[in-house]
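Below is one structure, written out as structure tokens; comments come after it.
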Protein chains: 2
Amino acid sequence: MTDIKSPLPGGPKPAVNPLFLRDEELRQAIELLFFGYRDFTAEPDAILARYRFGRAHHRVIYFIGRHPGMTVSGLLHILRITKQILSRVLGQLIERGYVVQRQGTSDRRQRLLDLTEKGRGLEEQLSAEQRARIARAYREAGGEAVEGFRKVMLGIIGNEEDRARFDRPAGPARR
Amino acid sequence: MTDIKSPLPGGPKPAVNPLFLRDEELRQAIELLFFGYRDFTAEPDAILARYRFGRAHHRVIYFIGRHPGMTVSGLLHILRITKQILSRVLGQLIERGYVVQRQGTSDRRQRLLDLTEKGRGLEEQLSAEQRARIARAYREAGGEAVEGFRKVMLGIIGNEEDRARFDRPAGPARR
DNA sequence: GCATATATGTCAATATGACTGACATAAAAT
DNA sequence: ATTTTATGTCAGTCATATTGACATATATGC
């Protein structure tokens, strides 16, 4: 697109947006993220409401499901919330039988967290909606677009540590 | 880059994962959105906190700035919140001089909303951080990736009406 | 072994964002 | 003239999130 860098093959003067990253394009990106995230979270939120859970419960369930044996401090680090609010949300999930704790073996101060069967059921139900939405979007956009989406999203994620999660540990394994 | 569409120059069989949309890839997308949105909103949130405003104030300021003369019901429709909470947030913004109301001309029941100079100043400050983040990500990812990002995000946005906002009313004006 | 640091938990106070439900007013539409 | 629409407001409730203070158990360093 927009051939900056390529010196315009003899045509009339460039006239193509000299800045390229113009305000309109950047604002559209802001809005894509806003509307996208709004819609991306709407369905799980509706399910959660039926359980009298909130979005925070979803995130906790999601990451424990993704990383069984996750510690409390691991969750705090990912979610960037305070231990007080995590403690409450986690306490509710444990009390209602979605999550279990066990003591760490090498460090017995740690509480290792796992989903119960019930927890895996809810996790599946919640993320199924999101996976279906992504799958549809990916399918319609095509493989090349998906690569572009990943690149841009990785660029938006600020720190290297978080980016490192996406080194395709079990990714599409293409090539 | 990445020459799909060009039919693989005589190479060995495609062998590209038959399912392609596997669970791992979809979960990575979920996490890209989670981490991306988290980082995307972190800086504005920090600025807003200094004004004792919240994310809701940001969204209201953003969309009024984007669409001067926006009505209350227009905001309600975009933000998908109740009039009660909008009324409170909007009231605070008006009271503190960031937004002004004027009566609609064709329909005098309407309150048309605009940013004041002060409001534009704050809007600029808030979205500058986000635009800089996107600009960096776009620049690093390249134009083709940006197109892919847009395609996928549009796919994630559920309804046609919201998607229609992105018909490049003033987009890159390519071709 | 003692001191310190870390992992976790808990009590309290506070703010924001969001909801439902009920009701009110002004103006437009039929 | 009645009804509908655009907006606003009061009241109650809940989830998410904060800061600050303090407690306990366990590791770790010296």
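Lettering follows sequence order; numbering is per chain, from 1.
- As rounded to whole Å, 15 Å separates atom P of C:dC19 from atom CG of A:Leu48.
- Look at NE2 on B:His77: it is 15 Å from C1' on D:dA6, rounded to the nearest Å.
- At a cut-off of 3.5 Å, with distance as the only test, a side-chain donor of A:Tyr51 or A:Gln125 sits close to an acceptor on the other residue.
- Rounded to whole Å, atom C1' of C:dT25 lies 14 Å from atom CZ of B:Arg108.
- Residue B:Gln101 has its side chain nearest to D:dG8 when only C:dT8, D:dG8, D:dT18 are considered.
- At whole-Å resolution of the value, CG in B:Leu76 and C1' in D:dG8 are 11 Å apart.
- When heavy atoms are screened at a 4.0 angstrom cut-off, B:Arg88 is found touching base atoms of the nucleic acid.
- Evaluation of atom-type donor-acceptor distances gives a pair under 3.5 Å for the side chain of B:Arg109 against the base of D:dT5.
- Going from atom NZ of A:Lys83 over to atom C1' of D:dA17 covers 15 Å, rounded to whole Å.
- Following rounding to the nearest Å, B:Ile61 (CD1) and C:dG17 (C1') show an atom-to-atom distance of 16 Å.
- Across all strands shown, A:Ile85 has heavy atoms under 4.0 Å from base atoms, whether or not it also approaches the sugar-phosphate.
- Sequence order on DNA chain D of the closest nucleotides to A:Gln103 and A:Gly54 puts A:Gly54 first from the 5' end.
- The existence of a salt bridge linking A:Arg163 and A:Glu160 is confirmed by a sub-4.0 Å separation between a basic side-chain nitrogen and an acidic carboxylate oxygen.
- In this structure, B:Ser87 reaches the D:dT9 phosphate: one of its side-chain N or O atoms is under 4.0 Å from OP1 or OP2.
- Remark on DNA chain D: of its neighbouring residues B:Val72 and A:Ala56, the 5'-side contact belongs to B:Val72, judged by nearest-heavy-atom nucleotide.
- Note on B:Glu117 versus B:Arg120: salt bridge recorded, some NZ/NE/NH1/NH2 to OD/OE distance being below 4.0 Å.
- Heavy atoms of B:Gln92 sit nowhere under 4.0 angstrom from any nucleic acid atom.
- Using a 4.0 Å cut-off, no side-chain N or O of B:Arg52 falls inside it from OP1 or OP2 of D:dT18.
- Under the 4.5 Å side-chain heavy-atom criterion for Ile, Leu, Val, Met, Phe, Trp and Tyr, A:Leu122 and A:Val100 are members of distinct hydrophobic clusters.
- At the heavy-atom level, A:Ser73 lies under 4.0 Å from the strands shown only through sugar-phosphate atoms.
- In this structure, B:His57 reaches the sugar-phosphate backbone alone: every heavy-atom distance under 4.0 Å involves primed, P, OP1 or OP2 atoms, never a base.
- As a whole-Å value, the separation of A:Leu75 CG from C:dG9 P is 11 Å.
- Phosphate contact (OP1/OP2 of C:dT16, side-chain N/O of B:Arg59, threshold under 4.0 Å): absent.
- Below the 3.5 angstrom threshold, one finds a donor paired with an acceptor across the side chain of A:Gln84 and the base of D:dG20.
- Look at CG on B:Asp107: it is 7 Å from C1' on D:dA6, rounded to the nearest Å.
- For the pair B:Val89 and B:Thr105, nearest-nucleotide mapping onto DNA chain C gives the more 5' position to B:Val89.
- The closest donor-acceptor contact from the side chain of B:Arg111 to the backbone of B:Arg109 lies under 3.5 Å.
- Between B:Glu24 and A:Arg66, at least one side-chain nitrogen of the basic residue sits less than 4.0 Å from a carboxylate oxygen of the acidic one, meeting the salt-bridge criterion.
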